[in-house]
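Report on the structure given below.
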Amino acid sequence: MTNEWDPTEDSPDDGRIVRSVGELTRELRATVEEAFTDVWVEGELTNFKRAASGHCYFTLKDADGQMRCVMWRTNTRRVFFEPRDGMLVQIRAYASLYEPRGELQLVARAMVLAGEGALQQRFEALKLKLDAEGLFDAERKQLLPAYPERIGVITSGTGAALHDILSIVQRRFPQVEVFVCPVRVQGMGAAEQIADAIEAFDAVPQDAPFRVDVLITGRGGGAAEDLWAFNEETVARAIAASTIPIISAVGHEVDYSISDFVADVRAATPSMAAELAVPDRREVLAHVMGLREVARQHLMQHLAEQQQQLQRWTTSYSFNRPRQRVLQEQQHLDDLQSRMRRALQHRLQAQRQRIDSTTRHLALLDPQRPLAQGYVRVERDGKPLHSVHEAVPGTRVRLVFNDGVRQASIEAATSVDEQNVTHDV
């Protein structure tokens, strides 16, 4: 028998119910949500995206199918790790229908890593990786300042850890300024906020008045999942890159995180971190008093030594016989003066001898000396005549005697051994 469509059977007058698309999707949504109110689904994460609103959108898939999923921002706080594509996860959800597109989806309430020991495996894998890079080496760890002026605290703004840190710092060393940067310490986005806060503190210039000397980062105790933000690689690398010494204080004494291994100092609890960060003012006062006592002892010893030296001086021969000492010094002064006079006289005598010798030498060179012995100097035109050939007959000459000058005229010689000279009186 063949069933054929008869248009008359679908006429509006047959009393059937016609739904709009919106009405049908609302009914399907109610049916689906009522049937699947609480289910666990396992699959591989793909297309994971966190919107600016904080809501997360992703797809779960396996070899047989895939399902669109959404997790509202309020539920992301219970996710202890940073979801990434390719992770095998389990989500606790209820089924729903996205009415604008008529798409079936899962609304996740919680998300955990799938597989036995998955959490511990991630922890050990990251620990081995960072250790191989040298981020745990003792050589790269910085010393904490003995007397910090400012400390920074990165933790939850409402947790007990912050209260413990502030109260201990106030009790031990109230002079310290505390700068608090409140962050999420669990759930999605917590790791990024912690890392960003560390980098922000470290970016403050060295000479800025609000540059902190030491950082405390951590939180109070909880389950392993609650502490997981401090096991994320982004936090570990921010701690390793910080130029400010960092104290990691995550959970209780038995809890160890990746941050503990990378940080410069690990504190068992946030309270212990505060004790490590600042000194106890009572201990500082005791230390100052000890230094004061040491200084007093040194001063007393110095005064005793000076008193002994003064006593030696006051009992010495020179101190008790000042006149004899003065006379001895006067005698020494007289001796120095006598030696000085003798040296001066010897110097003057040597100078006189040099002067006398020079005077005699100059006397021998005096041009008047030959004239005093009877010689005459013959000059013409102010120049002395040195040869008979310069005394041409008829030449007027000047005769220079020791006691005067005469004019004369040269005449021709009457013989070889004789020359006549006519004198003008």
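- Residues meeting the ring-ring contact (aromatic ring centres under 6.0 Å, His included) test with F201, sequence neighbours left out: none.
- E177 is linked by a salt bridge (Lys or Arg N to Asp or Glu O under 4.0 Å) to nothing, counting only residues two or more places apart in sequence or in another chain.
- Contact between V169 and A274 at its shortest, heavy atoms only, is CG2-CB, 4.1 Å.
- Screening residues 95-106 for salt bridge (charged side-chain N to carboxylate O under 4.0 Å, His left out), with sequence neighbours left out, gives R29-E99, R68-E103, R101-E103.
- Residues satisfying the ring-ring contact (aromatic ring centres under 6.0 Å, His included) test with H55, not counting sequence neighbours, are W72.
- Between D381 and K383, none of the side-chain N atoms (NZ, or NE/NH1/NH2) sits under 4.0 Å from a carboxylate O, so this pair counts as no salt bridge.
- Applying the salt bridge (charged side-chain N to carboxylate O under 4.0 Å, His left out) test to every pair with at least one member in residues 295-312, sequence neighbours left out, gives these pairs: E293-R296.
- Side-chain atoms of C56 and C69, non-hydrogen and from C-beta on, never get closer than 4.5 Å to each other.
- Partners of D38 according to the salt bridge (Lys or Arg N to Asp or Glu O under 4.0 Å) rule, which considers only residues two or more places apart in sequence or in another chain, are R92.
- Qualifying ring-ring contact (aromatic ring centres under 6.0 Å, His included) partners for F48, counting only residues two or more places apart in sequence or in other chains: F58.
- The side chain to side chain donor-acceptor pair (under 3.5 Å) test applied to E44 returns no partner, not counting sequence neighbours.
- Looking only at atom types and distance, the side chain of T46 has no donor-acceptor partner in the side chain of D85 under 3.5 Å away.
- For the pair R266 and Y256, the cation-pi criterion (under 6.0 Å, within 45° of the ring axis) is fulfilled.
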N/O donor-acceptor pairs under 3.5 Å from side chains in residues 181-189, not counting sequence neighbours:
{"from": "R184", "atom 1": "NH1", "to": "M188", "atom 2": "O", "distance (Å)": "2.8"}
{"from": "R184", "atom 1": "NH2", "to": "M188", "atom 2": "O", "distance (Å)": "3.2"}
{"from": "Q186", "atom 1": "OE1", "to": "R219", "atom 2": "NH1", "distance (Å)": "2.8"}

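- Closest non-hydrogen pair, I246 versus A263, comes out as O-CB, 3.7 Å.
- Taking CG of L106 as the start and CE of M67 as the end, the distance is 5.0 Å to the nearest 0.5 Å.
- Listed by first and then second residue, the salt bridge (charged side-chain N to carboxylate O under 4.0 Å, His left out) pairs that reach into residues 17-27 are R19-E27, sequence neighbours excluded.
- Heavy-atom minimum distance, P270 versus I165: O-CG1, 3.5 Å.
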Would you mind writing out the side-chain donor-acceptor pairs for residues 335-344 within the sub-3.5 Å range, not counting sequence neighbours?
{"from": "S338", "atom 1": "OG", "to": "R342", "atom 2": "NH1", "distance (Å)": "2.7"}

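- Pairs passing the ring pair (Phe, Tyr, Trp, His ring centres under 6.0 Å) check and including a residue from residues 134-160, sequence neighbours excluded, read F136-F261.
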